[in-house]
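Okay, so here's the structure we're looking at.
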Amino acid sequence: MIGLLDANNFYVSCERVFNPDIVNKPVVVLSNKDGCVVSRSNEAKSLGIGMGTPFFQIKVLAEMEDIRVYSSNYTLYGDMSGRICAEVKSLIPNVEVYSIDEQFLDFGGFGGHDLSALGNEVKTRVKKHIGIPTCLGIVKTKTLAKIANHITKKSLTHNGIYVLEHPKLVEAFLRLTPVGDLWGVGRRYQKKLAEHKIYTALDLYNTPEHFVRKQMTVVGQRLWHELHGRPCIPLEQISKPKKNICTSRTFGQLETDLSAIKEAVATHAASCAEKLRKESSIANYLQVFIQTNRYRKDDPQYSNRAANRSFTWTLPIASNDSRDLIRYATQALEQIFRSDFKYNKCGVIVSGLVPENERQLNLFESTDKQPEPIFEQVQAVCRPDNRVMKAMDDLNGRFGAKTIKLGATMSTQKTQSWQLTPSLLSPHYTTKFTDIPIARCS
DNA sequence: TCTGGGGTCCTAGGACCC
DNA sequence: TCTGGGGTCCTAGGACCC
C-alpha cells in the first residue's frame with residue numbers, strides 16, 4: 001500500500017504557524033512579484049478566490065473581506081517542507097518527496113499493522129511537531145492514493161485520512177472523481193475524453209485499454225493500469241539528478257534598456273550556476289530567453305523563442321562556473337535582443353547536465369596553469385579548479401546569500417529597475433540570516 | 001520498371017505536474 | 001497599472017550512420 005501525504009493549503013499553513021492571529025481568517029499567499037494567488041485558506045476559497053487569480057482582480061475584495069495577504073516566502077516553505085519530511089521518516093522510513101507539500105509513503109512491510117492508526121499517527125505528529133495540517137490517502141497505487149487524498153480533503157468526516165482496501169470502495173471513489181481531476185489528465189485530455197463520453201475516473205477505468213493507449217499514449221496506459229490497482233509508477237526514494245535548470249523572473253517594470261536586461265540575465269546565469277554547483281552537476285548547453293508582456297495586446301510583441309531565435313549555446317567545456325555562464329549568457333542575449341520592444345521577462349536555462357566528475361574534456365584544453373596566449377579563450381572556460389566558486393559558495397553559506405556577488409550582477413542606479421522587492425513578505429522564521437534579530441539567535 | 005534493413009541522435013511540439 | 005516560476009516525459013520527424 002502507498003500513501004500520499006499532502007499538506008493542506010501549504011503556504012498559508014506555514015504562515016499561520018508563526019502567526020496564529022490569522023488562523024480562521026481568510027488568507028492568501030501570492031506568487032513572485034505579488035502577481036497571482038498561489039495558496040488559499042479554506043476561508044479564502046469560500047470567498048470564491050480561484051487558484052492563480054491575478055491579485056489586482058481581487059484587491060478590492062481583499063480589503064472588503066479583510067483577507068490577509070502574503071508575498072511568497074520560499075525560504076520558509078522549503079525549510080518547513082524539510083521538517084515535515086524528517087518527521088514522517090521517523091515513522092515511515094521509505095518516502096518519496098514528490099513536491100514541496102506532497103510525499104508518497106511506502107506502507108509495504110507494515111502488513112500486520114492497522115494502517116489507519118499508523119497513518120493517523122503520522123498526521124498527528126506532523127501537526128503537533130511542525131504545526132502543519134495534512135491529509136492522507138492510502139491505496140494500492142500512487143494514482144489511487146492521489147484520488148483518495150483528494151476526496152479526503154473535501155470530506156469533513158474521517159479526520160483527513162482514508163485507507164481504501166475494498167474494491168467496491170475504490171469504485172465508489174472513482175465514480176466521485178471527474179476524469180480531469182486525475183493525476184496525469186490535464187485540460188486537453190479532459191476535453192478529448194469528454195468527446196468520447198468519458199467524464200469520470202470510473203468511465204476511464206471501464207474504457208478498453210487499447211483505446212486509452214491510442215488516445216493518451218503509454219502515459220495514459222500506465223494511468224489506466226494504476227486505476228485498476230496495478231502499480232506502474234514506482235516509488236522513487238532517491239531523487240534523480242535534474243536534467244534542466246531554469247532561472248527566470250518578470251521585471252519590476254517594463255524594460256527597454258539592454259544594460260539593465262544584461263544585468264538581469266547575468267544574475268539568472270549566476271543563479272543557474274549556483275544551482276548546478278549545489279547539484280554537483282555541470283551544464284553543456286545554455287539558452288537565454290526574453291519576452292514582452294503578452295497581456296498587453298496593444299504593445300508590439302516579441303519573444304525570441306516564438307520567433308524561432310531560440311539559440312542553444314554549446315559551451316566549449318561543460319561548466320558550473322558562474323563566470324563562464326555569465327559570459328555566454330550575456331553574449332547570447334546580444335544575439336536575441338531587439339530594440340524598440342518593452343520587455344517584461346527574461347531567463348536562463350541550462351541543459352545537458354552531467355555529474356561534475358564526468359566532464360568531457362575538450363581536445364584543445366590545456367591543463368597548464370600558464371597557458372599559451374592562443375589558448376586564452378579556451379582556458380577561460382575550463383578552469384580546472386573551481387576554488388573561487390567554492391570560496392564564494394562557502395562565504396554565502398556562512399554569512400547569508402549574496403554576501404559575495406560577481407560584478408556583472410551588481411546593480412547601478414541606472415539598471416536596478418528590473419528587480420523588485422516583495423512588499424508583504426514574512427520573516428525567514430526558521431532559517432539563519434533573517435531580517436529579524438530573534439531568529440538570528442537561532 | 002525495379003530501389004533494403006537496421007540503427008542512433010537531436011529537436012520541436014504536445015501533454016502533463018507542482 | 002497590475003497577470004509566477006519552476007520542472008518532466010513522450011512522440012514524430014528529420015538527419016545521419018552502416
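Worth knowing before you read on, the calculation uses all heavy atoms, side chains too, and leaves out hydrogens, waters and symmetry mates. Naming convention: chains lettered A, B, ... in sequence-line order (proteins, then strands); numbering from 1 in each chain.
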Taking atom P of B/dT11 as reference, at what distance in whole Å does atom CZ of A/Arg305 sit?
-> 16 Å
A/Lys59 near the nucleic acid: base, sugar-phosphate alone, or nothing, with a heavy-atom cut-off under 4.0 Å?
-> nothing
A/Tyr74 atom OH is separated from C/dG5 atom P, nearest whole Å, by 9 Å
Would one find a side-chain N or O of A/Lys146 under 4.0 angstrom from OP1 or OP2 of B/dC18?
-> yes
Any A/Asn244 side-chain N or O less than 4.0 Å from OP1/OP2 of C/dT8 = yes
Spacing between A/Ile233 atom CD1 and B/dC18 atom P, to the nearest angstrom = 12 Å
For atom CD of A/Gln57 and atom C1' of C/dT1, their distance in whole Å = 13 Å
Have a look at A/Thr247 and say if it touches a base, only the backbone sugar-phosphate, or nothing, with a 4.0 Å heavy-atom cut-off.
-> sugar-phosphate
State plainly whether the residues A/Lys153 and A/Asp6 are in salt-bridge range, i.e. N to O under 4.0 Å.
-> yes
Nearest to the side chain of A/Pro54, which nucleotide is it out of C/dG6, C/dT3, C/dG4?
-> C/dT3
Base, sugar-phosphate alone, or nothing: which one does A/Leu182 contact when heavy atoms must sit under 4.0 Å apart?
-> sugar-phosphate
Just to confirm, is there a sub-4.0 Å distance from OP1 or OP2 of C/dC10 to any side-chain nitrogen or oxygen of A/Arg222?
-> yes
Winner on side-chain proximity to A/Ser248, out of C/dT8, B/dC18, C/dG6, is C/dG6
Relative to the 5' end of DNA chain C, which residue comes earlier, A/Phe251 or A/Pro241, by the nucleotide with the nearest heavy atom?
-> A/Phe251
Touch check for A/Ile245, heavy atoms < 4.0 angstrom, all strands: base, sugar-phosphate only, or nothing?
-> sugar-phosphate
Would you mind checking if A/Arg277 and A/Glu356 are paired as a salt bridge, meaning a charged N to carboxylate O distance below 4.0 Å?
-> no
Ranking C/dT11, C/dC2, B/dC17 by distance to the side chain of A/Thr217, first place goes to C/dT11
Any Lys/Arg nitrogen of A/Glu87 or A/Arg83 sitting under 4.0 Å from an Asp/Glu carboxylate oxygen of the other?
-> no
Per atom distances to the A/Arg249 side chain, the nearest of C/dG6, C/dG4, C/dT3 is C/dG6
d(CD1, A/Ile349; P, B/dA12) in whole Å | 12 Å
Check every atom of C/dT3, C/dG4, C/dT11 against the side chain of A/Asn32 and return the nucleotide holding the closest atom.
-> C/dG4
Inspect the contact between A/Lys390 and A/Asp393 and indicate whether a charged nitrogen and a carboxylate oxygen are less than 4.0 angstrom apart.
-> no
Find the partner of B/dA15: check Watson-Crick (N1-N3 plus N6-O4 or O6-N4) and G-U wobble (N1-O2, O6-N3) distances, both under 3.5 Å, and reply none if neither fits.
-> C/dT8
Give a yes or no on whether a salt bridge exists between A/Lys240 and A/Glu236, defined as a side-chain N under 4.0 angstrom from a carboxylate O.
-> yes
Between A/Glu102 and A/Lys142, is there a side-chain N and carboxylate O pair less than 4.0 Å apart?
-> no
Using a 4.0 Å heavy-atom cut-off across all strands, classify A/Phe55 as base, sugar-phosphate, or nothing.
-> nothing
Just compare C/dT3, B/dC18, C/dC10 and give me whichever is closest to any side-chain atom of A/Val218.
-> C/dC10
Flag the pair A/Lys342 and A/Asp340 as a salt bridge only when some basic side-chain nitrogen lies within less than 4.0 angstrom of an acidic carboxylate oxygen.
-> no
Could you state the atom-to-atom distance from CE of A/Met216 to C1' of C/dC10 in whole Å?
-> 13 Å
OP1 or OP2 of C/dG5 less than 4.0 angstrom from a side-chain nitrogen or oxygen of A/Thr250, does that happen here?
-> yes
When you check the phosphate oxygens OP1 and OP2 of C/dC9, does a side-chain N or O of A/Lys243 lie under 4.0 Å from one of them?
-> yes
Selected nucleotide, minimal atom distance to A/Phe56 side chain, candidates B/dC17, B/dC16, C/dC2 | C/dC2
Picking from B/dC18, B/dA15, C/dG7, which would you name as closest to the side chain of A/Tyr98?
-> B/dC18
Counting only side-chain N and O atoms of A/Arg213, is one of them less than 4.0 Å from OP1 or OP2 of C/dT11?
-> yes
Starting at atom CD1 of A/Ile58, determine the distance to atom C1' of C/dT1, rounded to an integer number of angstrom.
-> 17 Å
Could you give the CE-to-P distance, from A/Met51 to C/dT3, as a whole number of Å?
-> 18 Å
A/Trp183, nearest nucleotide to its side chain (from C/dG6, B/dC18, C/dC10) = B/dC18
Any side-chain N or O of A/Lys345 less than 4.0 Å from the OP1 or OP2 oxygen of C/dT3?
-> no
Can a side chain N or O of A/Lys275 be found less than 4.0 Å away from OP1 or OP2 on C/dG6?
-> yes
Side chain of A/Asn293 only, please: which of C/dG4, C/dT3, C/dG6 is the nearest?
-> C/dT3
Judged by nearest nucleotide, the residue sitting upstream toward the 5' end of DNA chain C, A/Cys246 or A/Val38, is A/Val38
Residues A/Lys197 and A/Asp203 bridged, charged N to O under 4.0 Å = no
Scan A/Glu102 against the nucleic acid and name what it touches under 4.0 Å (heavy atoms): base, sugar-phosphate only, or nothing.
-> sugar-phosphate
